[in-house]
Amino acid sequence: MTQMSGAKMVVQALKDQGVEVVFGYPGGAVLPIYDEIFQQEEIQHILVRHEQGAVHAAEGYARSTGKPGVALVTSGPGATNAVTGLTDALMDSIPIIVLSGQVPTFMIGNDAFQEADTVGITRPCTKHNWLVKDTQDLSNVIHQAFHVATSGRPGPVLVDIPKDVQFATADYTPKTRARTQHYQPRVKGDIDQITRMVELMETAERPIFYTGGGVINSGTAASQLLREFVSATGFPITSTLMGLGAYPASGENWLGMLGMHGLYEANLAMHGCDLMINIGARFDDRITGRVQDFSPNSAKVHIDIDPSSINKVIHADVPIIGDVGHVLEDALKIWKARGRKTNTGALPKWWAQIQEWRNIRCLDYKNSETVIKPQYALQRLEALTKDHDRYICTEVGQHQMWAAQYLGFESPNRWMTSGGLGTMGYGIPASIGTQVAHPDALVINVAGEASWLMNMQEMGTAMQFNLPVKQFILNNERLGMVRQWQQLLHGERYSQSWSEALPDFVKLAEAFGAKGILCSDPADLDDAIMEMLNYDGPVIFDCLVEKHENCFPMIPSGKAHNEMLLGDATVDGAIGVSGAVLV
């Protein structure tokens, strides 16, 4: 056994875990750890400008690599500033480890300077957390933290480390000797249940694969197995916001995203199917709409590694607890062994119905020659960047939904967005974490001006570390999604949804030392986007768009999948009144 200080243990444990980068912000309660970071070269430290930014950057790193992200914050306000990012990661199943400093053990409970009950505060927003009061336990706990964060359903963990524990010395426990046997989630699905799923697949007349972020979390092999399954069966496939990229957007069986702002054909296929195979999704409210009317005539298979997700919202006729990759592998073997059967008589009729829904062309909109429509801006961004080695992050709001609708993702881990929590301010730091992980790739943060301002200070981080992130702001001078709901659901009473006193984003970019680009004319858009792409450094692109454009399709709150608001699409020959029609 090797004796070392607690602070050195932290750094050594990170090295043992293969950590290459830490996002953090120093303070008194973590200075011993920062001193150890200073004295080594294997781990890069990225200095953020706010602790929320550190955690979102760790999320972007984790989501784009499949490896756990690490954030380091000080006690008190440092830890409380991390809470939003922890909750975001918990909702979206992102594996991150947050290391927080704490006041010395003998001062805990005395309202010491920068003291907070970090473990108590973060218990509801982590998979697990620890307060380490003995240096002898520290290295073992850190190794456990990585194991818990990455095993089973991934998620955030936190280790709270008092300052005296960092100074004291004890024996270091290497990763190979850490105690992790107590947490070994089940990864293999029940063969009888998987066989039951295959039996249903053989006879279903209107089947659909409904996929989520669990496919991506399971790894690239799971995405490949999913693609093979879809190709072999000929079944249609849709995805949640978090699952985009697991199946390629160019795939012929792809129906697009489903849910509140999902595509008409995806939502109606979910409503009308007779077999729904949920793979790594959690039936959240943005997907189900009105629960009692959700896909009322379908048998439902639910594959999820988290037992608590099964029957939590929607009853599963065939529950399968296990890792998506393992379950799909077994399901494919069983399906092939039984003769690769599907209901070949009924499937063409199902696809014919889906094609009728596709013909509605629900993403059509009335373009303009005088003002940039946000949909057009993203269509041009897609056209000019799709052949790049590209990663897309977003903030939260209308722009996020338009990005999901109009940008295509051919591979997993290329789409970083805040799904479950809907965290405004996520995108800038997530793009920084993604760029750190992929220094030579094109990383674009699609933003709204209101969301972007929430963590704009992280442009300083981008400049300090020469990270050429592109901030593509759809600026409608409104809290766009809030304004849309107020128009459609609150009698056009626009309470506090105007963005007042906005900065000049070009001057703001220049103040940071970055490049600023302003574009307001559709005719100039392509050239402006190319200027952004060709600039070797951080860019803030201020794209002035139509101020009152609404994001359609939309399932209003409390409605079912077959009660969508459409924009300019035609249904039964009728154009929506005031830009929307309930179908």
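Throughout, numbering of the chain's residues begins at 1 and tracks the sequence.
No side-chain heavy atom of H50 sits under 4.5 Å from any side-chain heavy atom of T461. Within the 4.5 Å cutoff, side-chain heavy atoms of L502 are placed close to those of E449. Inter-residue side-chain proximity for V73 and L99 is flagged as unmet; no heavy-atom pair is nearer than 4.5 Å. Counting heavy atoms from C-beta outward, Q193 and P319 have side chains that approach closer than 4.5 Å. Side chains of D171 and Q3 form a contact here, defined as non-hydrogen atoms less than 4.5 Å apart. The shortest distance between side-chain heavy atoms of V70 and I96 does not fall below 4.5 Å.
Taking CD of E458 as the start and CD of Q464 as the end, the distance is 10.5 Å to the nearest 0.5 Å. In this structure, T220 OG1 and N413 CG are separated by 8.0 Å, a value rounded to the nearest 0.5 Å. In this structure, OG1 in T105 is found 3.5 Å from CG in D164, a value given to the nearest 0.5 Å. Taken to the nearest 0.5 Å, the CD1 atom of I310 stands 8.5 Å off from the CD1 atom of I320. Distance NE2/H399 to CD1/I473: 9.5 Å, rounded to 0.5 Å. In this structure, C125 SG and L158 CG are separated by 8.5 Å, a value rounded to the nearest 0.5 Å.
The backbone N or O of D192 sits less than 3.5 Å from a side-chain atom of D190, completing a donor-acceptor pair. Listed for the T211 side chain is a donor-acceptor partner under 3.5 Å among the backbone atoms of T238. S218 places no side-chain N or O within donor-acceptor distance of the main-chain N or O of G214, the cut-off being under 3.5 Å. Side chain of K163 to main chain of G28: a donor-acceptor pair is present (N/O by atom type, distance under 3.5 Å, no hydrogens or angles). A donor-acceptor pair is defined here as one N or O able to donate and one able to accept, closer than 3.5 Å; such a pair exists between the side chain of R186 and the backbone of K188. Without hydrogens or angle criteria, T423 side chain to Y426 main chain gives no donor-acceptor distance under 3.5 Å. A distance-only check finds a donor-acceptor pair linking the side chain of Q166 to the backbone of A29 [under 3.5 Å]. Put simply, the side chain of D92 never gets that close to the backbone of I94: no donor and acceptor are under 3.5 Å apart. Proximity of a side-chain donor or acceptor of R414 to a complementary backbone N or O of R390 within less than 3.5 Å is detected.
The ring pair (Phe, Tyr, Trp, His ring centres under 6.0 Å) check on Y247 picks up nothing, with sequence neighbours excluded. Scanning for salt bridge (Lys or Arg N to Asp or Glu O under 4.0 Å) contacts around E410 gives an empty result, with sequence neighbours left out. Under the rule for a salt bridge (Lys or Arg N to Asp or Glu O under 4.0 Å), the partners of E36 that lie at least two apart in sequence or sit in another chain are K8. Applying the salt bridge (Lys or Arg N to Asp or Glu O under 4.0 Å) test to D35 and every residue at least two apart in sequence or in another chain returns nothing. Remark: H302 pairs with F283 by the ring pair (Phe, Tyr, Trp, His ring centres under 6.0 Å) rule, at least two apart or across chains. Listed by chain and number, the residues in a ring pair (Phe, Tyr, Trp, His ring centres under 6.0 Å) with F409 are W415 (sequence neighbours excluded). Y61 is linked by a ring pair (Phe, Tyr, Trp, His ring centres under 6.0 Å) to nothing, counting only residues two or more places apart in sequence or in another chain. Among residues two or more places apart in sequence or in another chain, the salt bridge (Lys or Arg N to Asp or Glu O under 4.0 Å) test is passed with K15 by E42.
Sequence neighbours left out, the pairs with a member in residues 115-136 that pass ring pair (Phe, Tyr, Trp, His ring centres under 6.0 Å) are H128-W130. For residues 115-137, the set of pairs meeting the salt bridge (Lys or Arg N to Asp or Glu O under 4.0 Å) definition, not counting sequence neighbours, is empty. Among residues at least two apart or in separate chains, salt bridge (Lys or Arg N to Asp or Glu O under 4.0 Å) pairs with a member in residues 209-229 are E228-K336.
Using bins of under 30°, 30° to 60° and over 60° for the plane-to-plane angle, the ring pair Y183/H147 lands in the perpendicular bin.
Judged purely by distance below 3.5 Å, without hydrogens or angles, the side chains of H326 and E329 never pair a donor atom with an acceptor atom. Between the side chains of T417 and T394, at least one donor N or O lies within less than 3.5 Å of an accepting N or O. For the residue pair Q52/T84, the side-chain donor-acceptor check at 3.5 Å is not satisfied. With no hydrogens or angles considered, a side-chain donor-acceptor pair links N455 and Q457 at under 3.5 Å. When only modelled atom types and interatomic distance are considered, H143 and Q17 share a side-chain donor-acceptor pair under 3.5 Å. Q102 and S75 share no donor-acceptor pair across their side chains, judged by distance under 3.5 Å alone. Judged purely by distance below 3.5 Å, without hydrogens or angles, the side chains of R153 and S93 pair a donor atom with an acceptor atom.
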Exercise for review: Under the side chain to side chain contact (heavy atoms under 4.5 Å, CB included) rule, what do V159 and N129 come out as? Steps first, then yes or no, please.
Suggested key: CA-CA 6 Å; V159 182; N129 61 17; over 6 Å; no
Practice item. Could you please spell out the steps behind the side chain to side chain contact (heavy atoms under 4.5 Å, CB included) verdict for K175 and F146? Key: CA-CA 10 Å; K175 176 183 176 182; F146 275 85; over 6 Å; no
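The heavy-atom pair separating H56 from P429 by the smallest distance is CB-CG, 3.5 Å. A281 approaches D304 most closely through the heavy-atom pair O-OD2, 3.4 Å. Nearest heavy-atom pair, M424 versus S451, reported as atom, atom and distance to 0.1 Å: CG-OG, 3.2 Å. T240 and G213 get closest at one heavy-atom pair: OG1-N, 4.0 Å. Contact detail for M456 and I428: the closest heavy-atom pair is CA-CD1, 3.7 Å.
No more than 12 heavy atoms of other residues, nucleotides or ligands shown are found within 6.0 angstrom of CG on D111.
In this structure, Y34 has its ring center closer than 6.0 angstrom to the ring center of H45.
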Side-chain donor-acceptor distances from residues 436-446 under 3.5 Å, at least two apart:
from: H438; atom 1: ND1; to: Y391; atom 2: OH; distance (Å): 3.2
from: H438; atom 1: NE2; to: S64; atom 2: O; distance (Å): 3.1
from: H438; atom 1: NE2; to: S64; atom 2: OG; distance (Å): 3.3
from: N445; atom 1: ND2; to: E395; atom 2: OE2; distance (Å): 3.1
from: N445; atom 1: ND2; to: Q471; atom 2: OE1; distance (Å): 2.7

